[in-house]
Amino acid sequence: MRWSEAFIPTLRDDPADAEAISHKLLVRGGYIRQLMSGVYSMLPLGQRVRTKVMKVIVEEIDAIGGQEFLLPQLHPAAIWEKTGRIESMADIIMSFEDNKGGTVVLGPTHEEIFATVGTELTSYKQLPQLWYHIQTKFRDEARPKSGLLRVREFTMKDSYTFDVDFNGLDIQFDRHFEAYKRIFDRLGMDVVAVHASSGAMGGTASIEFMVRSDVGEDEVAACTACDYAANVETARSTLAPIVDPEDDVAIERFDTPDVRTIADLESFEGGAAATQQIKTLVYVLDGELALILLRGDHALQEQKLQDATGSIEMRPAQPDEIRGLLGADAGSLGAVKVENVTIHADSELRGRRSMTTGANENDVHVRGVDVERDIAVDEWIDLRTVEAGEECPECGGLLEIFPAIEVGHIFKLGTFYADKLGLSVLDENGKAIPIVMGSYGIGIERNMAASVEANHDDAGIVWPRDIAPYDVVITVVRPDDERSTEVSTMLYESLIADGVEVLLDDRKERPGVKFADAELIGIPLRVTIGPRGLDNGVVELVERKSGDKREIAIEDAASNVMEFLGAT
RNA sequence: CGGGACGUGGCGCAGCUUGGUAGCGCGCAUCGUUCGGGACGAUGAGGUCGCCGGUUCAAAUCCGGCCGUCCCGACCA
């Protein structure tokens with residue numbers, strides 16, 4: 001492509017509405033333009049990168065036996081009703097009424113639809129299967145942000161596996177795990193695989209692939225000593241045991257005027273350290289009030305609560321609901337002797353005694369609480385959010401917590417969809433068995449952006465070879481110089497003949513503008529051709545990533561470019 | 001959904017407090033001089049000031065409503 005004929009609208013200034021680096025650079029580099037909140041147009045450069053990201057993914061998924069499909073974006077609402085996800089995903093599902101009055105869902109993902117095709121599977125002999133497609137998804141995110149990182153319309157590669165049993169699923173899951181690692185490596189990103197919550201996917205296990213980044217929306221807890229890593233939504237840690245006094249103390253009420261918080265009670269005369277307090281929260285789980293108990297200094301991890309209870313709708317209770325249930329306001333709540341409501345307690349409270357908590361009467365607390373003796377706990381579960389600096393549950397090392405971008409997510413779905421949509425095959429004995437499914441997603445545009453977040457410098461983007469929009473840019477310093485034009489045209493045509501994707505910067509611009517643009521858009525290799533070098537019979541090769549420059553004899557230019565592209 | 005900010009040529013912004021019919025930088029066009037790191041000079045094109053309504057002799061500016069965009073939070077496979 002000749003730059004003089006290309007549409008590459010680069011910008012000198014950062015766009016006013018961009019915050020994330022990838023957002024700024026992709027807009028400034030002429031890759032994307034916003035149409036509305038969370039919806040972007042791919043310009044030619046952007047589309048070239050997008051295509052290459054998809055190519056990398058297709059290669060790696062095909063390599064583990066994937067078969068490419070293309071399923072529709074328009075779905076009948078009825079299918080989504082069958083799995084109940086029209087409810088559980090209601091806040092992000094986009095839908096409309098067609099001319100016949102039927103509700104049409106714009107697909108936010110494709111488990112239901114692949115499963116529907118999968119109903120044609122009838123025999124165990126047909127399994128396993130690995131199906132995938134690359135298709136547009138629509139999700140009405142409450143708050144799109146950071147350019148391509150969080151949008152409402154995007155492309156996703158999603159694959160689905162079908163197996164006769166969980167053993168088969170494990171194999172396909174592991175293959176995806178390895179394929180995904182290869183994909184992210186080729187996209188130029190260091191990923192950490194973390195255990196995650198399966199959320200609304202209805203699955204049994206899932207792994208997220210995370211790239212450390214300040215603009216990431218997820219938080220990862222990772223051990224600095226071993227390879228334990230988990231989304232904070234599921235992360236565990238080991239705490240130093242607390243030894244409570246052995247003697248049996250009785251419960252004792254005491255007045256605590258104006259004490260409303262854990263901190264208040266800590267500093268209150270006759271109060272208690274946060275570690276000696278019980279924090280009592282009231283939640284509404286699928287319409288039912290429930291008490292949540294944690295140690296005073298611990299924070300509730302809502303995702304853990306949701307996962308452990310299997311509830312779909314979850315929210316903190318309103319003040320009037322709390323008063324109706326316990327007869328006091330938040331700040332004076334406790335679970336001692338409370339009945340007729342489910343009590344979920346964090347495991348760290350188990351066996352604790354001499355604890356202090358609210359008395360369910362404003363301005364009154366009780367001390368001397370023996371958790372197991374005095375509270376009718378229904379369920380002991382892990383509910384707390386881990387903190388940086390705590391001990392790794394695997395090796396005892398230190399945990400750190402950092403923000404990260406979720407670039408991929410793989411799920412063991414199990415038989416959820418088989419049960420809901422009737423997927424089964426006959427086994428060797430002629431007996432119907434449910435098909436065990438897995439699903440595996442990678443967001444294309446998010447990965448483009450995440451790659452930029454991971455691969456840039458002050459001058460602009462530094463694309464990894466596999467997804468750069470062009471392999472090499474030939475910068476013609478003086479397009480009005482006859483020799484320069486001659487040599488650059490020759491090299492341009494020779495490289496094209498060899499299958500190299502080359503951008504020839506033949507614009508009538510000053511050299512500084514051309515250099516700056518080449519660096520902004522991030523082409524891995526630049527060949528600079530100008531009278532100064534040609535006088536000495538050389539052209540200059542500049543590697544974008546390192547900035548390393550080499551002078552090469554004119555006649556060796558093409559072979560050196562080929563070598564660079566083949567080698568590094 | 002709660003809180004905050006913003007909306008003025010293609011891009012980035014000023015003007016609004018103290019109403020008088022729009023300006024700067026970049027970019028763009030033409031010409032000339034330049035030319036290995038974002039040149040200079042000259043001339044020029046380009047704007048329903050987000051939309052609707054109100055106040056006023058007069059509204060980018062004041063008032064009301066709406067829409068849109070961004071940021072923080074909530075939410076989020």
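In what follows, every chain begins at residue 1, and chains take the letters A, B, ... in the order their sequences are listed. Side chains are part of it too, since the values below use all heavy atoms of this structure and drop only hydrogens, waters and symmetry mates.
- Thr475(A) comes within contact range of no nucleotide atom at all, as no heavy-atom separation falls under 4.0 Å.
- What separates CZ of Arg33(A) from C1' of G10(B) is a distance of 10 Å, to the nearest Å.
- The nucleotide G23(B) finds its pairing partner in C13(B), both defining distances of the Watson-Crick or G-U wobble pair being shorter than 3.5 Å.
- Each side-chain hydrogen bond (donor to acceptor under 3.5 Å, both in side chains) pair with one or both residues in residues 5-15 of chain A, not counting sequence neighbours, appears once here: Thr10(A)-Asp517(A).
- Atom CG in Asp458(A) sits about 17 Å away from atom P in G38(B), given to the nearest Å.
- Shown here, U69(B) forms a base pair with A5(B); the pair counts as Watson-Crick or G-U wobble because both key distances fall under 3.5 Å.
- Taking atom C1' on both nucleotides, C51(B) is separated from U33(B) by 48 Å, rounded to a whole Å.
- C66(B) and G7(B) are spaced 14 Å apart, taking the C1' atom of each and rounding to whole Å.
- Looking at heavy-atom distances under 4.0 Å, Gly441(A) makes no contact with the nucleic acid at all.
- Closest to the Arg532(A) side chain, of the nucleotides G37(B), C35(B), G36(B), is G36(B).
- Residue contacts for Met156(A): at a heavy-atom cut-off of 4.0 Å it reaches a base atom on one of the strands shown.
- A gap of 29 Å separates the C1' atoms of G9(B) and G4(B), to the nearest Å.
- The interatomic distance linking Arg478(A) (CZ) with G37(B) (C1') rounds to 15 Å, in whole Å.
- By the side chain to side chain donor-acceptor pair (under 3.5 Å) test, Ser22(A) pairs with Glu453(A), sequence neighbours left out.
- For Glu540(A), the listed nucleotide lying nearest its side chain is G36(B); candidates were G36(B), A39(B), G38(B).
- Protein atom CD1 of Ile93(A) is 14 Å distant from nucleotide atom P of C76(B), rounded to whole Å.
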Expected string for nucleotides 65-75 of chain B under the B/S/- scheme (protein heavy atoms, under 4.0 Å, primed atoms plus P, OP1, OP2 as sugar-phosphate) is ----SSBBBBB
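- For C52(B) and C67(B), the P atoms lie 15 Å apart once the distance is rounded to whole Å.
- Taking atom CG on Asn536(A) and atom P on G36(B), their separation rounds to 15 Å, with Å as the unit.
- When Watson-Crick and G-U wobble pairs are counted only if both distances are under 3.5 Å, U34(B) pairs with no nucleotide at all.
- At a cut-off of 3.5 angstrom, the base of G37(B) holds at least one donor-acceptor pair with the side chain of Glu519(A).
- Look at CH2 on Trp3(A): it is 13 Å from C1' on G38(B), rounded to the nearest Å.
- Comparing the C1' positions of U69(B) and G32(B) gives an interatomic distance of 43 Å, to the nearest angstrom.
- Figure legend. U48(B) is base-paired to no nucleotide; pairs are counted as Watson-Crick or G-U wobble with both atom distances under 3.5 Å.
- If you find the closest nucleotide of RNA chain B to Glu208(A) and to Val538(A), the one lying nearer the 5' end belongs to Val538(A).
- If you take atom C1' in U48(B) and the same atom in A22(B), they sit 14 Å apart, rounded to whole Å.
- Across C49(B) and A60(B), the matching P atoms stand 6 Å from one another, rounded to whole Å.
- His344(A) and Thr309(A) share no donor-acceptor pair across their side chains, judged by distance under 3.5 Å alone.
- For the residue pair Glu153(A) / Thr136(A), no side-chain donor-acceptor distance below 3.5 Å is found, with atom types taken as modelled.
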Indicate every side-chain donor-acceptor pair of residues 40-47 of chain A with a distance under 3.5 Å to a residue at least two apart or in another chain.
residue, atom, partner, partner atom, Å
Tyr40(A), OH, His23(A), NE2, 3.3
Tyr40(A), OH, Gln34(A), NE2, 3.1
Gln47(A), OE1, Arg50(A), NH1, 3.1

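- When Watson-Crick and G-U wobble pairs are counted only if both distances are under 3.5 Å, A59(B) pairs with no nucleotide at all.
- Arg526(A) comes within 4.0 angstrom of a base, heavy atoms only.
- Across the strands present, C76(B) finds no partner; the criterion is a Watson-Crick or G-U wobble pair with both atom distances under 3.5 angstrom.
- Residue-level contact check: Asp517(A) touches the bases, meaning some heavy atom is under 4.0 Å from a base atom.
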Could you go step by step and tell me if Phe209(A) and Phe184(A) meet the ring-ring contact (aromatic ring centres under 6.0 Å, His included) rule?
-> CA-CA 9 Å; Phe209(A) 293 85; Phe184(A) 299 124; 5.5 Å; yes
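- Remark: the Asp158(A) side chain and the His133(A) side chain contain an N/O donor-acceptor pair separated by less than 3.5 Å.
- Every residue two or more places apart in sequence or in another chain that forms a side chain to side chain contact (heavy atoms under 4.5 Å, CB included) with Glu219(A) is listed here: Val232(A), Ile401(A).
- With RNA chain B read from its 5' end, the first of the two nearest nucleotides for Arg28(A) and Ile92(A) is the one closest to Arg28(A).
- Under the ring pair (Phe, Tyr, Trp, His ring centres under 6.0 Å) criterion, Tyr492(A) pairs with no residue, sequence neighbours left out.
- With Tyr160(A) as the partner, the ring-ring contact (aromatic ring centres under 6.0 Å, His included) test is satisfied by one option alone out of Phe114(A), Trp131(A), Phe411(A), Tyr417(A): Phe114(A).
- In this structure, Met314(A) places its CE atom 12 Å from C1' of C76(B), rounding to the nearest Å.
- Taking atom P on both G47(B) and G10(B), the two are 8 Å apart, rounded to the nearest angstrom.
- Between the CZ atom of Phe515(A) and the C1' atom of C35(B) there is a distance of 11 Å, rounded to whole Å.
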For residues 69-83 of chain A, run the donor-acceptor check on the side chains, cut-off 3.5 Å, and write out each pair with its distance to 0.1 Å, sequence neighbours left out.
residue, atom, partner, partner atom, Å
His75(A), ND1, Trp80(A), NE1, 3.1
His75(A), NE2, Pro72(A), O, 2.8
His75(A), NE2, His110(A), NE2, 3.3
Thr83(A), OG1, Trp80(A), O, 3.4
Thr83(A), OG1, Glu112(A), OE2, 2.6

Between protein and nucleotides 23-30 of chain B, what N or O pairs are separated by less than 3.5 Å?
residue, atom, partner, partner atom, Å
G27(B), OP1, Arg12(A), NH2, 3.2

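- Ranking C11(B), C35(B), G36(B) by closeness to the Leu11(A) side chain, first place goes to C11(B).
- Considering only side-chain N and O atoms, Arg510(A) lies nowhere under 4.0 angstrom from the phosphate OP1 or OP2 of G38(B).
- Not counting sequence neighbours, the partners of Glu321(A) by the salt bridge (charged side-chain N to carboxylate O under 4.0 Å, His left out) test are Arg315(A).
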